[in-house]
Amino acid sequence: TGVYVHYTGKIGVMIAVEGEAKDESVLAEICMHIAFAQPLAVARESISADVVTREREIAKEVVVASGKPANMIDKIVDGKMNRWFSERVLLEQAFVKDEKKTVGQVANEAGIAIKQFWRLQVGEAVES
């Protein structure tokens with residue numbers, strides 16, 4: 001388990017992991033990343049199908065409106081969705097302290113698997 005409280009005291013994060021971290025500080029760093037990046041879920045599969053469907057429809061509307069050829073639309077939408085996931089899924093986000101690595105890569109190198117996180121902010125709460 002890792003814990004982080006932002007210096008303002010208005011944001012706190014806790015993660016549940018499997019495995020023993022080689023360096024305990026990585027747990028706090030991942031929590032800090034969550035406080036900053038505000039992911040929706042740990043993995044793609046954890047995001048509601050309704051949310052994914054809605055985002056795919058929005059992406060498709062944008063691509064169709066741009067006048068792209070019909071045979072390219074699905075590939076472009078897939079690319080837009082992959083980008084959307086990389087911005088909102090914790091394991092796929094670029095790690096705030098080393099943007100050349102994803103949070104998933106950092107966790108693997110540390111010998112842990114992130115199972116769940118809780119991000120609490122004064123006035124709101126997000127659980128994944």
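Keep in mind it's a predicted model, so treat the numbers as computed, not measured.
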| task | Considering only NZ, NE, NH1 and NH2 on the basic side and carboxylate oxygens on the acidic side, decide whether R56 and D78 come within less than 4.0 Å. | result | yes
| field | V64 and I73, any side-chain heavy atoms less than 4.5 Å apart | value | yes
| Where at least one partner belongs to residues 29-51, residue pairs that pass ring-ring contact (aromatic ring centres under 6.0 Å, His included), sequence neighbours excluded | H33-F95
| Does E92 pair with R44 as a salt bridge, N-O distance under 4.0 Å? | yes
| Is the side chain of R88 donor-acceptor paired with the backbone N or O of L40 at a distance under 3.5 Å, no angle test? | no
| message | Using side-chain heavy atoms (C-beta onward) and a distance below 4.5 Å, is Q93 in contact with S86? | response | no
| said: Once salt bridge (Lys or Arg N to Asp or Glu O under 4.0 Å) is applied, do any residues pair with K60, and if so which ones, sequence neighbours excluded? | reply: none
| message | When you compare the side chain of L27 with that of V3, does any pair of heavy atoms fall below 4.5 Å? | response | no
Acceptor/donor pairs from residues 6-22 side chains to any protein atom, 3.5 angstrom cut, sequence neighbours excluded:
{"residue": "H6", "atom": "ND1", "partner": "Y4", "partner atom": "OH", "Å": "2.9"}
{"residue": "T8", "atom": "OG1", "partner": "K10", "partner atom": "N", "Å": "3.3"}
{"residue": "K22", "atom": "NZ", "partner": "E109", "partner atom": "O", "Å": "3.3"}

| query | What about M32 and I112, same hydrophobic cluster or not, with Ile/Leu/Val/Met/Phe/Trp/Tyr joined at side-chain heavy-atom distances under 4.5 Å? | reply | no
| request: Tell me whether M72 is reachable from V62 by hopping between hydrophobic residues (I, L, V, M, F, W, Y) whose side-chain heavy atoms are closer than 4.5 Å. | output: no
| query | Going only through I, L, V, M, F, W and Y residues with side-chain contacts under 4.5 Å, is there a path from I76 to V52? | reply | yes
| query | Which distance, rounded to the nearest 0.5 Å, do you find between the CD1 of I58 and the CE of M81? | reply | 9.0 Å
| request: Dump the intermediate steps for side-chain contact (heavy atoms from CB on, under 4.5 Å) on V89 and V42, then the final yes or no. | output: CA-CA 6 Å; V89 172; V42 173; over 6 Å; no
| Does T53 reach the main-chain N or O of D50 with its side chain, forming a donor-acceptor pair under 3.5 Å? | no
| side-chain contact (heavy atoms from CB on, under 4.5 Å) between I34 and W118, intermediate numbers included | CA-CA 9 Å; I34 294 167; W118 298 267; over 6 Å; no
| request: Treat each ILVMFWY residue as a node, draw an edge where side-chain heavy atoms are under 4.5 Å apart, and state whether W84 and V77 are in one component. | output: yes
| message | So P39 and F117, do their side chains get closer than 4.5 Å, heavy atoms only? | response | yes
